[in-house]
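Working notes, structure below.
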Amino acid sequence: MDVTPAEQFTAANLDRFLAELFDFLRIPSISAKSEHNGDTRHAAGWLRDRMRDIGLESEILETPRHPVVLGEWRGAGADAPTVLVYGHYDVQPAEPLELWTAPAFEPDVRDGRIYARGSADDKGQLFLHVKAAESLLAADGRLPVNLIVLAEGEEEIGSPNLIPFVEAHAERLACDVVVISDSAMFAPGLPSVLFSLRGLAYFEITVHGPASDLHSGSYGGGVVNPAMALARILGTLHDDSGRIAIPGFYDDVVDWGDETRAEIRALPFDDEEFREGVGVAALSGEAGYSTLERLWIRPTCEVNGLLSGYTGEGAKTVLPAHSMAKVSFRLVPDQDPARVAELLRAHIARVAPPETRVEIEELHGGMPWRGQVSGGLIDAASRALARSFGRRPVLTGEGGSIPIVGEFERILEAPVLLLGFALPGANMHAPDEWFPLENFDKGIVALAALLEELGSGAFAA
C-alpha cells in the first residue's frame, strides 16, 4: 500500500505533534472548578491558536460559562460535503491526586502509554482531528471536505450550554456528517465504530415516615420504618429473571434483531475475564441475553446510592424518619426518560406503603441513540480505519450515555459517526488516565483517510 503525502507528513512531524499535545495536556482545564476558569479559557485560546496555525479560521465564542472554540475550513466548495468534528477541551478533576503515579497535568510516557488527565477524554482524541487536518493541508494544500471543528469546554459538567449554542448557530454548523472521537476501541489493534448509546433517566427517591427519628425499642413495630419501606419499593423494580418489573417499561424498546445480536456475540469477549476484572463471584443480568447485549442493547435499573438512619461507628438503635435512594435507568431506543419517569411514579404509587410519603426527584435524563450499522458512512469509516490499522473495524455499543449525539442529529439533521481510539481500561475520570501511544499516529492517519473517503463522493449521508 502506497504511503500518501499526508501520511508522510504525519510520520515526519510526529515528535512535534506529541510535544504540542503535551502542552495541551499540561493546561488544567477543569470545568467543574471555578478556580480553574482561567485555565479553561487558556485551553480554549491554545486550541484556537493551534487551529489558526494550520490554516483554519478559528475563534472563541462565548457561552454563559465556558466558551466554545470554533474552527472552519471551507475551501472545498459548495458541492463538497461538510464534516463537523465535535470534541471537548475540558477535563475531569484529577483527585485523588495521591493515586497518580506521575502528576496528572505533567504528561508521562510509560510502557507505550501517554499518562495525563485528558489524554483519552478528550483532549488527546480531539487533537488527532486537528493534526489529521494539518497533515492533509500541508501535503495537499487543501482538504477534500469543508471542515468545522466545534470544541466545547463544558462536557464534563453536562454540556449545559451546548444545545442552545448549536440551536443558535445551526445554520453556520450545517453539515453532512458529525464525527466524534470520545470513546474506546473494542480491544488493542481492533478498531471500532459505535452503533448505539444508552440513554439515562436518573431519580432520587425519598421515603418519609415519622416527624423525626425514633427510638426503635419504644416505637419499632408500631410505626412504619422508611428504610424498610424503601427496601420493599426497590425490591419491586426487578423480577426473578432480572427484567425490570415496572408495567409498560419495555413497551418502547426496539428489538435489534438476530443479525445484530449475532455480530455482538461474535466479538472476542470473554465472560470469565470480564468477571475477574470486576472482582465478582458471578455475572448476572436479564435472562436470555449475553453480557455485551446486557451492557449495550438492553435497558437496566440500578441503585446508585442509599442513605438512611444511623451509619456511624457503633450502635444507635434508631428508627429513621427518612430514607433515600438514587436510582438510574439506562435506556435503549426508543425509550424516553420522560415516559420512564411517568411509569416509575405510577409504579411507586402502587407499591409504596400507604403510611409513608414518597418524593421522586428527577435528577438527569438523556435520550438513547441508535446509529447506522451499514451504508456509505460506515463503509467510508471502515476503509479509513482499515488503512491505518490493517483491518476493518467491528461495530460496538456503549453502555453509557452521550446525550449530545442525538441532539446533533435532531438539530443539524445529519448522521453522527462515533469512532474512538482510546482502549478499555484507560482510566477515564480516574487516576492514571492514559492513551495508547501507537494509536496517536494511527488515529491521525485514520482520520485523515476518513476525510479523504468522505470527500471522494462515495459517502452518502
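Just so we're clear, the structure is a prediction, and the values are computed from it rather than from any experiment. Any value given below was found using the heavy atoms of this structure, including those in side chains, with hydrogens, waters and symmetry copies removed. When a residue number appears, it is its place in the shown sequence, counting from 1.
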Open item on the list: With side-chain contact (heavy atoms from CB on, under 4.5 Å) as the test, pick out the partner of His347 among Ile233, Ile244, Ile246.
Closed with: Ile246

Open item on the list: Does Lys131 form a side chain to side chain contact (heavy atoms under 4.5 Å, CB included) with Phe9? I'd like the steps, not just the answer.
Closed with: CA-CA 10 Å; Lys131 296 295 102 176; Phe9 183 86; over 6 Å; no

Open item on the list: Do Arg387 and Thr4 make a side-chain contact, defined as non-hydrogen atoms from C-beta onward lying under 4.5 Å apart?
Closed with: yes

TODO: Would you please name every residue forming a side-chain hydrogen bond (donor to acceptor under 3.5 Å, both in side chains) with Arg410, sequence neighbours left out?
DONE: Glu167, Glu407

- [ ] Decide yes or no on side chain to side chain contact (heavy atoms under 4.5 Å, CB included) for Leu99 and Asp432, but give the supporting numbers first.
- [x] CA-CA 8 Å; Leu99 296 184; Asp432 277 356; over 6 Å; no

Task: Pairwise side-chain contact, Glu361 with Leu363, heavy-atom cut-off 4.5 Å (strictly under) - done: yes

TODO: Answer yes or no: is there an ion pair linking Arg65 with Glu152, defined by an N-O contact shorter than 4.0 Å?
DONE: no

Task: Glu59/Arg172 salt bridge by N-O under 4.0 Å criterion - done: yes

- [ ] Give a yes/no verdict on a cation-pi contact between Arg110 and Trp434, requiring under 6.0 Å between NZ or CZ and the six-membered ring centre and an angle within 45° of the axis.
- [x] no

- [ ] Please find out if less than 6.0 Å separates the ring center of Phe435 from that of Phe440.
- [x] no

Open item on the list: Ring of Phe24, cation from Arg50 - is the NZ or CZ under 6.0 Å from the centre and inside 45° of the axis?
Closed with: no

Open item on the list: Among residues at least two apart in sequence or on other chains, which ones pass side-chain hydrogen bond (donor to acceptor under 3.5 Å, both in side chains) with Arg391?
Closed with: none

Task: Electrostatic pair Arg117-Glu433, nearest N-O below 4.0 angstrom - done: yes

- [ ] Assess whether atom CD of Glu259 is packed by more than 12 heavy atoms of other residues, nucleotides or ligands within 6.0 Å.
- [x] no

Open item on the list: I'd like to know if Arg345 pairs up with Glu342 as an ion pair, taking the criterion as any Lys NZ or Arg NE/NH1/NH2 lying under 4.0 Å from an Asp or Glu carboxylate oxygen.
Closed with: no

Task: Arg26 bridged to Glu106 by N-O distance under 4.0 Å - done: yes

TODO: Report yes or no: do His429 and Glu156 form a side-chain donor-acceptor pair below 3.5 Å?
DONE: yes

